[in-house]
2 protein chains.
Amino acid sequence: MSKKYYAVAKGIKPGIYSTWEEAKAQVEGYKNPLYKGFSSKKEAEEWLKNPSFSKTPANNKKDEYADADNDTEVITIYTDGCSLGNPGPGGFGIVFIYPDKIEELSAGFSMTTNNRMELMGVIEALKNLKIKDKKIRLWTDSSYVVNGITKGWAKKWQKNNWIKSDKSPALNKDLWEELLSLVERLDIEFNWIKGHAGNKYNERCDRLAVEAAKGENLSRDYGYK
Amino acid sequence: MSKKYYAVAKGIKPGIYSTWEEAKAQVEGYKNPLYKGFSSKKEAEEWLKNPSFSKTPANNKKDEYADADNDTEVITIYTDGCSLGNPGPGGFGIVFIYPDKIEELSAGFSMTTNNRMELMGVIEALKNLKIKDKKIRLWTDSSYVVNGITKGWAKKWQKNNWIKSDKSPALNKDLWEELLSLVERLDIEFNWIKGHAGNKYNERCDRLAVEAAKGENLSRDYGYK
RNA sequence: CGACACCGGGUCGU
DNA sequence: ACGACCCGGTGTCG
């Protein structure tokens with residue numbers, strides 16, 4: 001079961017290394033490294049050709065919020081969004097905590113807003129969920145997103161033809177419509193968590209989001225005008 | 001007539017400066033600065049020993065609203081009110097622009113409303129005026145206050161025993177009565193100015209009001225129920 | 001319905 | 001220190 005090959009996609013010097021010692025030197029201290037261990041050189045080379053999205057192995061450390069590790073009936077998801085400049089290039093980051101493994105997902109867009117990214121992070125999390133018959137416990141630091149669902153804001157806007165209580169139009173209707181329809185079909189619990197307050201997964205989502213936002217050929221957020 | 005020495009009592013670095021350029025750097029952006037210009041260093045030093053209360057020197061910069069600087073027959077007054085929470089703790093701030101000097105006044109109350117503070121700011125300004133034989137040009141961002149006087153709302157309510165056209169009682173009768181009696185005896189011009197739009201004196205009034213509202217042992221606004 | 005204020009909460013940033 | 005993205009409300013009037 002020992003890993004003998006380490007592919008470094010993002011690090012001081014990308015490439016394949018045969019000891020963790022060497023790989024570690026390329027990766028430690030590097031901002032947003034991307035690497036993975038394999039048992040064969042072939043697998044490592046294959047992965048290096050398309051390191052696409054970041055996936056990390058299951059982590060068995062207990063986190064104060066991630067009690068899902070012990071509750072195999074619940075899937076915990078963390079989400080975060082960012083927008084450099086706001087509006088500006090943006091991205092979202094997601095961490096899925098399945099009973100047996102952890103997965104990550106992120107994407108960046110050329111021009112968008114912070115709130116669109118927070119919203120889109122949750123939507124993409126739900127659309128990319130691999131297990132759909134368990135309860136979902138979702139964490140985000142956006143009260144815009146949490147209140148939109150838990151306080152019924154979004155449903156009210158929908159009912160009022162996307163007019164808010166102050167008579168002005170509710171924004172990001174495209175994303176809210178999509179989120180509402182996803183929420184209907186799933187068993188989700190929306191939770192707010194304070195941002196940048198030390199939670200490991202929230203912090204990880206933030207890094208994923210920012211890294212994605214800094215990427216090269218970013219997609220367009222078609223809903224942003 | 002030229003001022004060659006500027007004493008800064010409250011500023012980034014208190015002391016005496018020989019150019020307005022230097023003094024300005026210590027004073028601008030500082031919370032509640034206290035400073036004054038003098039023609040001799042001796043005078044400046046003397047004042048620095050006992051800068052007493054919040055009095056600031058006349059400012060010779062032309063401001064788009066403070067044309068009083070050129071018209072010695074007019075006293076310009078800026079006023080603002082606030083209420084943290086609304087209702088909640090509140091305060092008012094006043095800037096008096098006399099021909100030769102600027103003075104400030106503020107006060108805070110433990111429980112009140114935004115509109116009571118806007119009203120009380122104007123009332124206290126008129127009660128504390130030091131020169132009463134000149135025309136007064138008053139600026140406030142409250143259309144409640146401005147319209148109450150200039151559109152004759154308050155006079156109409158008074159005539160109708162404080163009942164509005166919709167049959168409900170006009171509020172803050174105590175303050176309106178006081179303001180009406182003050183207005184009768186003075187030559188006042190009421191002007192509306194957009195809030196938080198960059199006007200220096202409006203902004204200053206806002207800061208004074210908020211700071212007063214955040215004070216420790218606040219008075220009671222006896223008229224608020 | 002409209003107007004002017006007063007705020008309260010969260011995030012994203014420069 | 002500043003601003004943008006988003007929301008909820010009250011104080012008051014016509």
Side-chain angles (χ1 to χ4, degrees), chain A residues 79-92 111-119 121 140-154 156-157 163-173 175-176 192-197 202 205-206 209-210 213 224, chain B residues 12 28-31 79-92 111-119 121 140-154 156-157 164-166 168-173 175-176 192-198 202-203 205-206 209-210 213-214 224:
Chain A
T79 272
D80 194 28
C82 76
S83 169
L84 316 177
N86 197 28
F92 62 77
M111 181 61 67
T112 187
T113 70
N114 66 326
N115 288 328
R116 289 190 64 81
M117 289 298 99
E118 303 274 15
L119 225 23
T140 167
D141 60 22
S142 168
S143 77
Y144 177 53
V145 171
V146 171
N147 291 335
I149 297 299
T150 65
K151 296 197 178 170
W153 293 354
K156 193 184 287 180
W157 302 330
I163 299 297
K164 291 181 298 180
S165 39
D166 70 352
K167 273 79 171 155
S168 71
L171 301 187
N172 303 318
K173 166 185 149 164
L175 298 175
W176 281 113
W192 178 80
I193 180 181
K194 185 164 174 49
H196 304 285
N202 171 262
C205 286
D206 180 62
V210 171
Y224 175 74
Chain B
I12 296 167
E28 239 176 35
Y30 192 84
K31 204 171 132 185
T79 274
D80 194 29
C82 76
S83 168
L84 317 176
N86 196 30
F92 61 76
M111 181 62 65
T112 186
T113 69
N114 66 325
N115 289 328
R116 288 188 65 79
M117 288 299 99
E118 302 275 16
L119 223 25
T140 168
D141 61 22
S142 167
S143 76
Y144 176 53
V145 172
V146 171
N147 291 335
I149 297 299
T150 66
K151 296 199 176 168
W153 294 353
K156 191 183 288 178
W157 303 329
K164 291 182 296 180
S165 20
D166 70 350
S168 69
L171 301 186
N172 304 318
K173 166 188 149 164
L175 297 175
W176 281 115
W192 177 81
I193 179 181
K194 184 161 174 51
H196 304 283
N202 171 262
E203 226 100 311
C205 287
D206 181 62
V210 170
K214 287 180 173 167
Y224 174 74

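These numbers come from a predicted model, not from an experiment. Proteins come first, then strands; the chains are lettered A, B, ... in the order of their sequence lines, and each starts at number 1.
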(message) For a quick check under 3.5 Å, do B:D166 and B:S168 share a side-chain donor-acceptor pair by atom type?
(response) yes
What is the distance, to the nearest angstrom, from the [atom1] atom on [X] to the [atom2] atom on [N]?
{"X": "B:E118", "N": "C:A3", "atom1": "CD", "atom2": "C1'", "value": "14 Å"}
{"X": "A:R116", "N": "D:dC6", "atom1": "CZ", "atom2": "C1'", "value": "13 Å"}
{"X": "A:W192", "N": "D:dC6", "atom1": "CH2", "atom2": "C1'", "value": "15 Å"}
{"X": "B:L84", "N": "C:A5", "atom1": "CG", "atom2": "P", "value": "17 Å"}
{"X": "A:Y144", "N": "D:dA4", "atom1": "OH", "atom2": "P", "value": "17 Å"}
{"X": "B:M111", "N": "C:C6", "atom1": "CE", "atom2": "P", "value": "18 Å"}
{"X": "A:I163", "N": "D:dC7", "atom1": "CD1", "atom2": "C1'", "value": "15 Å"}
{"X": "A:K167", "N": "D:dG8", "atom1": "NZ", "atom2": "C1'", "value": "13 Å"}

Once you apply a heavy-atom cut-off of 4.0 Å, does [X] come out as touching a base, just sugar-phosphate, or nothing?
{"X": "B:D166", "answer": "nothing"}
{"X": "B:N202", "answer": "nothing"}
{"X": "A:K164", "answer": "sugar-phosphate"}
{"X": "A:G81", "answer": "sugar-phosphate"}
{"X": "B:W176", "answer": "nothing"}

(message) To the closest 0.5 Å, what do you measure between SG (B:C82) and NZ (B:K214)?
(response)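 These two atoms lie 8.5 Å from each other.
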(request) Calculate, to the nearest 0.5 Å, the distance between atoms CG and OG1 belonging to B:L119 and B:T112 respectively. (result)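 It is 9.5 Å, given to the nearest 0.5 Å.
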(request) Count the heavy atoms of every other residue, nucleotide or ligand shown that sit under 6.0 Å from NZ of A:K156, and state whether that count exceeds 12. (result)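 Not more than 12 within 6.0 Å, no.
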(request) Quick one: do B:W176 and B:I149 satisfy side-chain contact (heavy atoms from CB on, under 4.5 Å)? Show the steps, please. (result) CA-CA 9 Å; B:W176 281 115; B:I149 297 299; 4.1 Å; yes
Of the nucleotides [options], which has the atom closest to the [X] side chain?
{"X": "A:V210", "options": "D:dC6, C:G13, D:dT10", "value": "C:G13"}
{"X": "B:N115", "options": "D:dC6, C:C7, D:dG11", "value": "D:dG11"}
{"X": "A:S143", "options": "D:dC13, C:G9, D:dT12", "value": "C:G9"}
{"X": "A:A170", "options": "C:C6, D:dC7, C:C4", "value": "D:dC7"}

(message) Counting C-beta onward and ignoring hydrogens, is there a side-chain heavy-atom pair between A:E118 and A:D80 closer than 4.5 Å?
(response)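 Of all side-chain heavy-atom pairs linking A:D80 with A:E118, at least one is under 4.5 Å.
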(message) Taking the nucleotide of RNA chain C with the nearest heavy atom to each, does A:N147 or A:D206 sit closer to the 5' end?
(response)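 Its nucleotide being nearer the 5' end, the pick is A:N147.
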(request) Select from A:W153 and A:H196 the residue whose nearest nucleotide in RNA chain C is closer to the 5' end of that strand. (result) A:W153
(request) Check whether the side chain of B:N86 and the base of C:C7 form a donor-acceptor pair under 3.5 Å. (result)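 No, no donor-acceptor pair under 3.5 Å.
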(message) Looking at B:N114 and C:A5, is any side-chain donor or acceptor paired with a base atom of the opposite kind under 3.5 Å?
(response) yes
(request) Would you tell me if any nitrogen or oxygen in the side chain of A:S83 comes within less than 4.0 Å of OP1 or OP2 on C:G13? (result)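 For C:G13, neither OP1 nor OP2 has a side-chain N or O of A:S83 closer than 4.0 Å.
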(request) Kindly say if B:T113 contacts the phosphate of D:dT10, meaning a side-chain N or O under 4.0 Å from OP1 or OP2. (result) no
